[in-house]
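Numbered from 1 within each chain, the chains take letters A, B, ... in sequence-line order. For clarity, every value in this text was computed on a predicted model and none was experimentally measured.
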Number of protein chains: 2
Amino acid sequence: MRPLFHPALEDIKPEAILYALSDPERVAIYAKLAGASGGGTCSALADLGDRVIPKSSLSNHFKVLRESGLIVSERQGVEMRNQTRCTELDERFPGLIKAILTAYGQLPGQPKTD
Amino acid sequence: MRPLFHPALEDIKPEAILYALSDPERVAIYAKLAGASGGGTCSALADLGDRVIPKSSLSNHFKVLRESGLIVSERQGVEMRNQTRCTELDERFPGLIKAILTAYGQLPGQPKTD
DNA sequence: TCCATAGTTCAGAAATTCGGAACTGTTGAT
DNA sequence: ATCAACAGTTCCGAATTTCTGAACTATGGA
């Protein structure tokens with residue numbers, strides 16, 4: 001398997017962040033990750049309630065999130081631990097992630113209104 | 001010509017906003033519009049400095065911005081007046097547009113830091 | 001009426017996205 | 001050591017989307 005690419009903080013592009021979060025499935029995954037304490041695995045995040053994401057699509061979603069700089073992925077045994085880079089990101093793009101998650105109504109700990 | 005579609009404020013979707021602003025050309029156009037006082041025309045916004053956007057592409061960019069809810073377009077004689085809906089939008093998605101433009105370093109009146 | 005101008009629509013080529021099937025890498029059991 | 005199970009990745013073809021030149025539409029002025 002090819003080594004996973006993670007951009008350095010200063011190489012993160014706003015267009016990549018916006019693109020990654022312009023897909024509601026990816027937002028749902030990201031929001032679950034932001035809520036999860038331990039670092040979610042792919043398969044644990046596949047179930048969106050209304051549909052189960054095929055694993056190749058899921059793998060691609062994680063790739064987009066990772067390469068845009070939204071998450072870090074690290075192999076841990078058979079699984080992949082994923083966690084958000086929200087602290088770093090907020091330093092680079094103040095208020096951005098929070099405003100986006102708020103817009104989607106999926107800020108962790110906030111009641112969903114959809 | 002088909003009448004131009006503008007979504008009602010409550011129908012504006014965050015994914016459409018993020019998608020529209022995940023393209024640096026559209027962001028450049030939107031930022032110029034946000035800065036312009038009168039309501040910019042398409043052709044006045046075509047020149048990005050490093051390239052001139054073909055007019056069919058430009059027309060499409062405006063369509064994307066319009067249908068996502070970011071701008072309103074209104075025919076005025078031969079031209080099209082375009083203006084941002086930033087005040088309304090900020091009510092619906094507080095802080096979102098500002099955070100995005102700040103991330104791009106193109107908030108009107110703010111020095112670019114890239 | 002005829003021309004110029006601003007922008008839209010059309011259509012085909014190019015690029016991107018989606019997802020099933022095959023594959024890789026890791027762990028645990030025999 | 002070999003095998004099976006499992007998590008996730010890669011491959012590749014089909015479907016969708018994007019891009020843009022060319023044709024078209026709408027408006028105003030001479």
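Looking at B/H6, its side chain does come within 3.5 Å of a backbone N or O of B/S73 through a donor-acceptor pair. A side-chain donor-acceptor contact under 3.5 Å links B/R26 to the backbone of B/A20. For the pair A/S22 (side chain) and A/Y19 (backbone), a donor-acceptor distance under 3.5 Å is present. In terms of modelled atom types and a separation under 3.5 Å, the side chain of A/D90 and the main chain of A/G95 share a donor-acceptor contact.
With a 6.0 Å radius and a threshold of 12 heavy atoms from other residues, nucleotides or ligands, B/K32 has its NZ atom above the threshold.
In this entry the distance linking NZ of B/K63 with P of D/dT18 reads 10 Å, nearest Å. As a whole-Å value, the separation of A/R81 CZ from D/dA7 C1' is 12 Å. One atom, CG of B/L4, and another, P of D/dA26, lie 13 Å apart when rounded to the nearest Å. Computed from coordinates, the B/E25 CD to D/dC19 P distance equals 8 Å when rounded to whole Å. If you measure from atom CZ of B/F62 to atom P of D/dC19, you get 15 Å, rounded to the nearest angstrom. For the pair A/Y19 OH and D/dT18 P, the interatomic distance rounds to 9 Å; values are reported in whole Å. The separation between B/K55 atom NZ and D/dC19 atom C1' is 16 Å, rounded to whole Å. Residue A/R75 contributes atom CZ, which lies 16 Å from atom P of D/dC6 at whole-angstrom precision.
Closest-nucleotide positions on DNA chain C for A/R51 and A/Q76 were compared, and the one nearer the 5' end corresponds to A/R51. Both A/H61 and B/N60 lie close to DNA chain C; mapped to their nearest nucleotides by heavy-atom distance, the more 5′-ward contact belongs to B/N60.
Of all nucleotides in DNA chain C, those with any atom nearer than 4.0 Å to a heavy atom of chain B start and finish, going 5' to 3', at C/dT5 to C/dC10.
Salt-bridge annotation for A/R51 and A/E25: present, with a side-chain N of the basic residue lying under 4.0 Å from a carboxylate O of the acidic one.
Here the closest heavy-atom approach between residue B/P14 and residue A/A103 is recorded as CG-O, 3.7 Å.
At a threshold of 4.0 angstrom between heavy atoms, the contacts of A/S43 are confined to the sugar-phosphate backbone, with no base atom among them.
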